[in-house]
Amino acid sequence: MLKSITTAALASSLLIALGSAASAASLQDMTKNSSDWVMPTGNYANWRYSELDKINKDNVSKMVPAWSFSTGVLRGHEGNPLVIGDTMYVHTPFPNLVYALDLKNDATIKWKYEPKQDPNVIPVMCCDTVNRGVAYAPADGDRPALVILDQADTTLVALNADTGEVVWSVKNGDPSKGETGTAAPQVVKDKVLVGISGGEFGVRGRMTAYSLADGKEVWKAYSTGPDKEMLIDPEKTTELGKPVGKDSSVKTWEGDQWQIGGGATWGWTAYDPDLNLVYYGTGNPSTWNPAQRPGDNKWSMTINARDADTGEAKWVYQMTPHDEWDYDGVNEMLLADVSVDGKDHKALVHFDRNGFAYTLDRESGELLVAEKYDPAVNWATKVDMDKSSKTYGRPLVVDQYSTEHNGEDVNTTGVCPAALGTKDQQPSAYSPDTKLFYVPTNHVCMDYEPFRVAYTAGQPYVGATLSMYPAPNSHGGMGNFIAWDAGKGKIVWSLPEQFSVWSGALATKGGIVFYGTLEGYLKAVDAKTGDELFKYKTPSGIIGNVMTYEQGGKQMVGILSGIGGWAGIGLAAGLTDPNAGLGAVGGYAALSKYTALGGQLTVFTVPDQTASK
């Protein structure tokens with residue numbers, strides 16, 4: 001497989017000494033080669049940014065399809081391909097096929113991995129049979145380069161990147177309990193990190209690190225429970241600068257509810273090599289009926305900063321204590337230098353489902369900015385930023401939109417955002433050129449009626465009925481694509497969309513930002529102004545993430561289309577009950593007029609390319 005690594009990446013990787021840190025250093029170095037796309041989010045900081053500029057704001061209007069590839073699967077296609085040298089790795093939803101395509105030979109199939117999975121896993125996949133991508137680990141000593149896949153049935157499998165043969169595999173969960181795999185793994189140093197899905201089935205969330213050498217477990221950090229099992233030191237782990245204290249999780253649950261407390265970890269993982277910290281979010285507490293789980297329900301809905309080697313938590317921050325609306329906290333963490341009130345910070349920026357955009361100091365966990373990134377957000381007035389206040393760092397909840405305050409079997413209406421959040425898993429982008437963050441958003445509100453539900457392993461543990469609709473008194477659509485100033489906590493520009501923007505964004509040095517729409521359009525806009533420069537309708541709705549690479553001296557842009565995911569679950573699964581799909585079917589019913597099922601990779605280029613001036 002080393003033959004397929006670009007010369008620049010190979011030369012720099014050979015400068016790195018072999019040892020436990022060899023994989024991390026060489027993978028980190030490989031991200032500097034813009035010709036490739038070696039991680040799902042582009043780099044460890046989750047920027048989704050490329051230095052390539054042969055396609056730019058001056059010529060992107062001339063972009064045309066160069067080639068396409070059918071995946072052979074008709075469900076929601078989230079995530080994006082990877083490109084290493086002359087090989088592209090493409091993944092699919094269940095049954096989680098992986099293709100290696102030869103980019104120098106008309107994208108012919110070098111190998112195909114087709115796992116044999118029990119289809120009974122499909123009914124316990126919450127919001128479509130999606131998968132968010134594979135990870136790549138460069139060769140290390142006798143170990144070949146690996147492509148790592150988290151299968152729906154929770155099998156974590158490492159494939160020989162050159163042949164597709166299984167090098168090792170390990171079981172990361174138990175689908176009979178509602179545990180499934182949908183996340184893109186993250187390779188950090190000599191380990192691969194992977195979370196677990198299943199918050200709607202009462203799973204106990206966790207992040208697990210496995211050895212790249214043989215798949216053996218290195219550490220496991222639970223989202224809820226005793227300090228030891230959460231890898232929390234009650235005196236050293238902090239929240240907002242103060243030690244969390246003994247039993248910080250279990251004392252915020254009634255009895256042993258933490259054992260079925262949710263806090264799933266199916267989002268994205270960032271890594272700061274200088275601090276040796278990994279960052280990720282935990283999801284909603286189980287059940288969705290808040291009356292059944294009194295307390296703050298820590299540490300669901302929480303940003304975690306953990307030592308990459310040991311998993312020990314350095315700091316945590318819970319964004320939505322005692323969640324009453326299913327505002328998962330798993331969205332990506334973007335690591336960038338941000339100036340706040342004239343002071344520069346090594347920052348972490350997070351656009352949470354709850355509608356607030358957070359800027360924190362990623363070394364200390366200090367909360368710097370917390371502002372609404374959609375003016376429709378109404379469930380809380382603000383996040384308390386007064387450090388002397390007893391409610392410092394907490395959202396100030398509006399009783400009218402509190403599902404607990406209004407009670408069980410009461411329909412709380414007009415809550416904004418809806419349960420799928422102002423943004424779900426679709427990853428944002430950051431441009432070091434403009435210093436702006438580009439965020440695909442949902443502009444959706446809901447009615448929410450909680451009801452009492454009993455826990456049975458492997459059965460839905462939701463306890464709420466939802467309906468969704470566009471935010472009222474607005475542009476009438478269900479989405480916006482925005483540019484965000486994380487230092488000021490302000491929207492710089494906003495583009496309305498008819499449906500939620502469920503696609504991951506891409507920013508480039510060419511001064512443009514790409515994103516896809518649920519109708520199926522790939523769009524390019526000016527990074528500074530938001531002016532639309534290009535659009536093209538692909539065969540199916542886009543919930544995949546835009547990526548770019550260089551091949552044969554030309555910049556290429558790739559996108560997976562295939563309607564599905566939570567927003568498109570009605571089409572993907574053939575559902576018609578408006579309250580089905582956890583409330584999404586009715587809200588997105590009109591999608592059927594604009595797109596249909598598909599599974600395709602489309603790669604674009606500009607025929608005559610000149611680097612931007």
Side-chain angles (χ1 to χ4, degrees), residues 8-9 12 27-58 60 80 186 268-275 277 279 331-351 357-363 368-369 373 423 426-440 481-493 504-515 524-531 533 545-550 555 557 611-613:
S12 54
L27 185 60
Q28 181 186 352
D29 201 69
M30 287 175 70
T31 65
K32 300 174 184 176
N33 176 16
S34 298
S35 294
D36 292 349
W37 191 271
V38 302
M39 293 183 186
T41 56
N43 63 8
Y44 277 132
N46 288 346
W47 282 5
R48 299 196 54 78
Y49 169 83
S50 175
E51 292 280 352
L52 296 180
D53 64 355
K54 289 183 179 179
I55 297 176
N56 51 66
K57 61 183 181 180
D58 297 322
V60 70
N80 54 260
Q186 177 67 287
W268 308 93
T269 303
Y271 173 56
D272 184 329
D274 294 330
L275 299 175
L277 294 176
Y279 305 90
N331 293 352
E332 74 285 352
M333 314 295 162
L334 298 101
L335 313 183
D337 295 336
V338 175
S339 177
V340 180
D341 295 330
K343 182 179 179 181
D344 293 335
H345 292 267
K346 290 183 179 295
L348 177 153
V349 177
H350 171 74
F351 299 92
Y358 298 85
T359 304
L360 300 98
D361 186 292
R362 67 176 180 267
E363 184 169 15
L368 305 171
V369 178
Y373 62 105
K423 192 182 82 63
Q426 59 269 41
S428 309
Y430 169 74
S431 171
D433 306 317
T434 63
K435 308 294 185 185
L436 296 177
F437 295 79
Y438 300 96
V439 192
F481 186 77
I482 70 170
W484 180 260
D485 184 324
K488 297 178 180 178
K490 300 290 184 184
I491 295 173
V492 177
W493 50 256
L506 169 73
T508 77
K509 196 173 183 62
I512 47 182
V513 182
F514 294 93
Y515 68 96
V525 300
D526 187 297
K528 292 183 179 179
T529 66
D531 293 339
L533 305 172
N545 306 329
V546 195
M547 52 82 69
T548 188
Y549 65 98
E550 191 171 72
Q555 183 179 354
V557 175
S612 58
K613 299 176 182 179

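Heavy atoms only: backbone and side chains are in, while hydrogens, waters and symmetry mates are out.
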Is R362 salt-bridged to D272, going by a charged N under 4.0 Å from an acidic O?
->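 Salt bridge: yes.
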So which heavy atom on [X] is nearest to which on [Y], and how close?
X    : Y    : answer
N545 : P427 : OD1-CD, 3.4 Å
Y44  : Q28  : CE1-CB, 3.9 Å
V369 : G489 : CG1-CA, 3.8 Å
A429 : L334 : C-CD2, 4.2 Å

Straight-line distance of [X] [atom1] to [Y] [atom2], nearest 0.5 Å:
X    : Y    : atom1 : atom2 : value
L436 : I491 : CG    : CD1   : 12.0 Å
S34  : K54  : OG    : NZ    : 11.5 Å
N331 : Q426 : CG    : CD    : 7.0 Å
T31  : D29  : OG1   : CG    : 7.0 Å

Side chains of N46 and T41: do they bring a donor and an acceptor to under 3.5 Å?
->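 A pair is found: one side chain offers a donor N or O, the other an acceptor, under 3.5 Å apart.
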Audit row: M333, W268, side-chain contact (heavy atoms from CB on, under 4.5 Å) steps and yes/no = CA-CA 7 Å; M333 314 295 162; W268 308 93; over 6 Å; no
Test salt bridge (Lys or Arg N to Asp or Glu O under 4.0 Å) applied to K32 and E51, step by step = CA-CA 9 Å; K32 300 174 184 176; E51 292 280 352; over 6 Å; no
Apply the test side chain to side chain donor-acceptor pair (under 3.5 Å) to residues S428 and E332: give CA-CA distance (whole Å), side-chain angles for both, the deciding distance (0.1 Å), then the verdict.
-> CA-CA 8 Å; S428 309; E332 74 285 352; 2.8 Å; yes
Determine, step by step, whether L348 and Y279 satisfy the side-chain contact (heavy atoms from CB on, under 4.5 Å) criterion, reporting the C-alpha distance in whole Å, the side-chain angles of both residues, the deciding distance to 0.1 Å, and the verdict.
-> CA-CA 9 Å; L348 177 153; Y279 305 90; 3.4 Å; yes
Donor-acceptor pair, [X] side chain versus [Y] backbone, under 3.5 Å?
X    : Y    : answer
D36  : N33  : no
D485 : G487 : yes
Y373 : K423 : yes
Q555 : I55  : yes
R48  : A505 : yes
T359 : A486 : yes
W493 : K528 : yes
W47  : L335 : yes

Start with the C-alpha gap between M39 and W37, add the side-chain angles, then the distance that decides, and say whether side-chain contact (heavy atoms from CB on, under 4.5 Å) holds.
-> CA-CA 6 Å; M39 293 183 186; W37 191 271; 5.9 Å; no
Does any non-hydrogen side-chain atom of H345 lie less than 4.5 Å from one of L368?
->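 They are in contact (side-chain heavy atoms under 4.5 Å apart), so the answer is yes.
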Looking at V557, L533, L506, which one forms a side-chain contact (heavy atoms from CB on, under 4.5 Å) with I512?
->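 Only one option passes, and that is L533.
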Mind running side-chain contact (heavy atoms from CB on, under 4.5 Å) on T508 and F514 for me, showing each step along the way?
-> CA-CA 9 Å; T508 77; F514 294 93; 4.2 Å; yes
Tell me, please, which residues at least two apart from T529 pass side chain to side chain contact (heavy atoms under 4.5 Å, CB included).
->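 With neighbours one apart ignored, the set is D526, D531.
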Which of these, Y438, F351, F437, Y49, sits in a ring-ring contact (aromatic ring centres under 6.0 Å, His included) with Y430?
->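 The single option meeting the ring-ring contact (aromatic ring centres under 6.0 Å, His included) with Y430 is F437.
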List the steps and the verdict of salt bridge (Lys or Arg N to Asp or Glu O under 4.0 Å) for K509 and D433.
-> CA-CA 7 Å; K509 196 173 183 62; D433 306 317; 3.8 Å; yes
